[in-house]
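Excluded from the calculations below are hydrogen atoms, water molecules and symmetry mates; all remaining heavy atoms, backbone and side chain alike, are included. Here the structure is a predicted model, which means the values were calculated and not measured.
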Amino acid sequence: MISHPFRNTLVILIACLIGLVMAGLVCARQFVFGSESGHWVYAYHPTTSAPLWIVVVVLALLGASALIGSGRIASHERTTVFGCFLGVLLIQFLIHDIYPVPLDALVR
């Protein structure tokens, strides 16, 4: 049996690995958003490359939220949720200007 702290870390690492695989599929434009058989598929828009510092900061924020949050959620629920919320707002602020298509154009 795997010890409890290591099990939590293992679950987080597996989730991150699945996320990386999904991100790779999207970057390679191999993931279909929608339904091909239903004839409604969201098209991929032209992409721009993000500055390296934004990528590093976003990945660090996501990793910190997952690792710190998983250890503190049981004892400091409100603080953990609030901290993760602030982290997500910061991520949204950082990536807002690098995406070439505004969100309202995608959701019409």
Side-chain angles (χ1 to χ4, degrees):
M1 174 120 261
I2 300 174
S3 67
H4 180 67
F6 182 70
R7 187 175 15 166
N8 289 342
T9 304
L10 186 62
V11 169
I12 291 169
L13 291 175
I14 290 171
C16 289
L17 182 62
I18 292 170
L20 285 173
V21 169
M22 293 301 296
L25 288 172
V26 171
C27 284
R29 298 178 178 228
Q30 299 298 314
F31 187 82
V32 176
F33 291 95
S35 169
E36 289 178 338
S37 62
H39 303 293
W40 58 277
V41 175
Y42 292 101
Y44 283 95
H45 292 281
T47 58
T48 59
S49 60
L52 181 61
W53 72 270
I54 290 180
V55 174
V56 170
V57 170
V58 167
L59 290 176
L61 283 170
L62 290 173
S65 294
L67 291 174
I68 294 170
S70 68
R72 300 205 176 254
I73 191 72
S75 59
H76 305 305
E77 183 177 339
R78 288 184 183 186
T79 306
T80 303
V81 171
F82 184 69
C84 289
F85 177 74
L86 289 179
V88 169
L89 283 178
L90 180 57
I91 289 170
Q92 179 62 35
F93 176 76
L94 288 171
I95 66 172
H96 181 265
D97 291 333
I98 62 172
Y99 193 68
V101 180
L103 185 58
D104 64 341
L106 295 175
V107 196
R108 288 184 192 170

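The environment of I95 atom CD1 is dense: over 12 non-hydrogen atoms of other residues, nucleotides or ligands sit within 6.0 angstrom. Annotation for R78: atom CZ does not count as buried by contact number, only 12 or fewer foreign heavy atoms lying within 6.0 Å.
For F31, the ring-ring contact (aromatic ring centres under 6.0 Å, His included) test picks out F33, with sequence neighbours left out.
Of all heavy-atom pairs spanning L94 and I54, the tightest one is O-CD1, 3.8 Å. Heavy-atom minimum distance, S35 versus G38: OG-N, 2.9 Å.
Rounded to the nearest 0.5 angstrom, S65 OG and L90 CG are separated by 9.5 Å. Here the straight-line distance linking atom CG of L61 with atom CG of L86 works out to 10.5 Å at 0.5 Å rounding. Interatomic distance, L67 CG to C16 SG, rounded to the nearest 0.5 Å: 7.0 Å.
In terms of hydrophobic clustering, with Ile, Leu, Val, Met, Phe, Trp and Tyr side chains grouped at heavy-atom distances under 4.5 Å, I12 and L10 are assigned to different clusters. When the side chains of ILVMFWY residues are joined at heavy-atom separations under 4.5 Å, either directly or via intervening members, F93 and L52 end up in two distinct hydrophobic clusters. One hydrophobic cluster, built from ILVMFWY side chains closer than 4.5 Å, holds both Y42 and L25. By the rule that hydrophobic residues join a cluster once side-chain heavy atoms approach within less than 4.5 Å of another member, L20 and I91 end up as members of separate clusters.
If you run side-chain contact (heavy atoms from CB on, under 4.5 Å) between W53 and each of V55, V57, V56, only V57 comes through.
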